[in-house]
2 protein chains.
Amino acid sequence: MVKPISQTMEKTEKISTEVKILAAAEEVFLKSGYDGSRMQEIADLAGINKAMLHYYFRSKDALFERIFEQKFSQFFPKIQELTTMPISFTEKVCIYVELHTNLLRQNPYLPLFIINTVHKNNDFVKKMPLLLFSEFAKSYYTDLAANKVKDLNPLQFLMSVMSMCVFPFLSKPILCSSINISDQDFDTLMNNRPEEIKRYVRAILMP
Amino acid sequence: MVKPISQTMEKTEKISTEVKILAAAEEVFLKSGYDGSRMQEIADLAGINKAMLHYYFRSKDALFERIFEQKFSQFFPKIQELTTMPISFTEKVCIYVELHTNLLRQNPYLPLFIINTVHKNNDFVKKMPLLLFSEFAKSYYTDLAANKVKDLNPLQFLMSVMSMCVFPFLSKPILCSSINISDQDFDTLMNNRPEEIKRYVRAILMP
DNA sequence: AATAGGTTTAACCATTTGGTTAGTTTTGCC
DNA sequence: GGCAAAACTAACCAAATGGTTAAACCTATT
């Protein structure tokens with residue numbers, strides 16, 4: 001039997017308790033939210049004693065906040081550099097669509113988790129202004145001056161693009177139940193979605 | 001002092017306990033969801049004894065289900081007749097946009113409440129197939145044959161339109177926090193939104 | 001006024017739940 | 001091996017919470 005080397009169990013094959021807790025907490029919180037999650041459930045999933053949760057993370061609030069911060073930073077694709085690239089506004093939006101849709105395909109629970117948490121307590125958000133709206137708007141107005149895009153309200157437009165990317169993942173359960181499509185059908189739909197949205201984006205922006 | 005007339009207090013000016021409970025339960029459940037709501041909170045808001053909740057509605061589950069069913073039926077605008085009207089697909093979609101956006105402006109908590117509930121237990125939905133997808137799709141294909149609309153995937157398109165209508169109300173807290181707009185700004189945005197979406201719809205559908 | 005039935009209340013109950021603690025085991029180091 | 005610190009466990013605790021009950025209170029009818 002392999003034994004851990006250091007007291008803090010770093011650099012060992014054995015998964016540290018802390019990591020096991022974080023993985024379990026992520027799964028439970030993401031699926032059930034703060035109110036719907038139980039500390040015992042997290043402990044059971046991690047295969048450890050419930051007291052360990054408090055030993056490592058002090059309280060449910062602290063553990064939740066840890067998970068939320070990590071998940072919140074993952075919610076939006078990393079497009080900081082994109083905003084300053086020498087490509088058209090339309091292309092920037094299309095790249096965002098591609099990135100965000102694929103990101104959410106791999107993290108389908110993310111949107112509902114984030115929205116619920118912020119809905120309950122919007123103090124969480126303040127720290128990170130990750131929606132680079134003003135950068136995108138600037139790019140839009142540059143292209144508008146060059147008559148490369150139609151005249152419209154950029155906030156309304158970007159809100160619409162984000163809506164088309166994110167909302168399907170929120171409405172999946174309703175959609176699947178009400179028009180009777182399977183999980184596989186939904187996945188196919190989401191696979192084709194970036195192309196479809198990009199077509200809409202171009203149609204809307206074409207001057 | 002006005003006294004109630006009948007034993008069951010029907011037809012009196014005095015608001016019946018049952019109605020007070022339903023109003024309070026609606027407010028609390030809508031804001032906090034099932035897990036986040038407390039029976040005591042509902043009783044306090046209704047200004048009645050907690051035991052009354054069980055006297056009239058037996059259990060938290062039963063009370064919640066009562067509220068959910070009512071709210072779920074309000075989530076989607078009544079457009080049954082619309083589907084059979086002799087107007088173009090584009091016009092039908094535009095009318096839906098107008099109706100749904102305005103409906104949600106008056107019930108901004110509705111989408112998150114519905115989505116959360118169905119996410120936790122999608123058995124709720126089965127009963128009412130209120131998304132008249134097939135009706136709309138039929139109308140689309142009629143217009144496609146007449147070359148009045150562009151060739152696209154109607155499910156993807158209608159999902160997009162619904163996204164643009166509903167998602168802003170879900171993302172309001174994030175939006176307001178991250179790009180720092182006030183409740184009034186948001187209301188103005190939502191006031192202008194139907195027109196903006198309809199412009200997008202026409203641009204996308206134009207053959 | 002007496003009665004009977006629905007309505008309301010306060011006190012109570014059992015369970016769940018986040019959190020703590022005292023003591024035991026493991027681990028790294030001398 | 002011995003020791004001290006860290007990791008871990010089981011048992012426990014107090015508060016919260018959904019739910020119940022027995023008694024009191026109205027209200028309409030007789």
Side-chain angles (χ1 to χ4, degrees), chain A residues 1-29 31-68 117 120-121, chain B residues 1-29 31-68 117 120-121:
Chain A
M1 161 143 181
V2 183
K3 292 211 171 179
I5 299 160
S6 82
Q7 201 160 2
T8 50
M9 293 185 196
E10 289 162 35
K11 300 169 191 167
T12 45
E13 310 86 46
K14 183 170 173 291
I15 301 157
S16 78
T17 301
E18 194 173 334
V19 171
K20 280 194 280 185
I21 291 174
L22 284 171
E26 182 181 321
E27 188 174 332
V28 173
F29 281 140
K31 200 184 56 176
S32 310
Y34 182 87
D35 290 328
S37 298
R38 302 286 153 249
M39 293 296 265
Q40 189 60 60
E41 191 185 349
I42 295 171
D44 290 347
L45 187 63
I48 49 106
N49 188 290
K50 183 165 71 89
M52 286 293 93
L53 300 180
H54 296 95
Y55 180 74
Y56 282 99
F57 298 97
R58 207 166 73 241
S59 67
K60 185 182 182 183
D61 279 51
L63 180 56
F64 182 81
E65 208 158 321
R66 172 74 172 268
I67 299 295
F68 177 77
T117 308
K120 267 194 61 173
N121 178 7
Chain B
M1 161 146 179
V2 182
K3 292 212 172 180
I5 300 160
S6 81
Q7 202 160 0
T8 51
M9 292 186 195
E10 289 163 37
K11 300 170 192 166
T12 45
E13 310 86 44
K14 184 168 171 292
I15 301 158
S16 78
T17 302
E18 194 174 333
V19 170
K20 280 195 281 185
I21 292 174
L22 284 172
E26 180 180 322
E27 187 174 333
V28 173
F29 280 139
K31 200 184 57 175
S32 309
Y34 182 86
D35 290 328
S37 299
R38 301 286 153 250
M39 293 297 265
Q40 189 61 60
E41 192 186 347
I42 295 171
D44 290 347
L45 187 63
I48 49 103
N49 189 290
K50 183 165 69 89
M52 286 292 92
L53 301 179
H54 296 95
Y55 179 75
Y56 282 99
F57 298 97
R58 204 167 76 240
S59 68
K60 185 183 182 182
D61 279 51
L63 180 56
F64 181 81
E65 208 157 322
R66 172 73 173 267
I67 300 295
F68 177 78
T117 308
K120 268 193 60 173
N121 179 6

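Quick caveat, the model's predicted, so the values are computed rather than measured. Every heavy atom of this structure was used, including side-chain atoms; hydrogens, water molecules and symmetry mates were not. Throughout, a chain's letter reflects where its sequence line sits, starting with A, and its residues are numbered from 1.
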Mark up nucleotides 9-20 of chain C, 5' to 3', with B wherever a protein heavy atom is under 4.0 angstrom from a base atom, S wherever such an atom reaches only the sugar-phosphate, and - elsewhere. BB------SBBB
Are B/K120 and B/Y34 in a cation-pi contact, defined as NZ or CZ under 6.0 Å from the six-membered ring centre and within 45° of the axis? no
Value rounded to 0.5 Å, distance of CG in A/D35 from CZ in A/F64: 8.5 Å
Please report the interatomic distance NZ(B/K20) to CD1(B/I48), rounded to the nearest 0.5 Å.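 Spacing of NZ (B/K20) from CD1 (B/I48) equals 7.5 Å.
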Test log, rule side-chain contact (heavy atoms from CB on, under 4.5 Å), inputs A/T17 and A/Y55: CA-CA 11 Å; A/T17 301; A/Y55 180 74; over 6 Å; no
Rounding to a whole Å, what distance do you find between [X]:[atom1] and [N]:[atom2]?
X     : N      : atom1 : atom2 : value
B/I42 : D/dG18 : CD1   : C1'   : 11 Å
B/F57 : D/dT20 : CZ    : P     : 16 Å
B/L63 : D/dG19 : CG    : C1'   : 14 Å

Can you name the nearest heavy-atom pair linking A/E26 to A/I67, along with the distance?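 Shortest heavy-atom contact: N-CD1, 3.8 Å.
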Just N and O in the side chain of B/Y55: are any of them under 4.0 Å from OP1 or OP2 of D/dT20?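 Checking B/Y55 against D/dT20: no side-chain N or O falls below 4.0 Å of OP1 or OP2.
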Taking A/K60 for the side chain and A/S37 for the main chain, is one N or O donor matched with an acceptor at less than 3.5 Å? yes
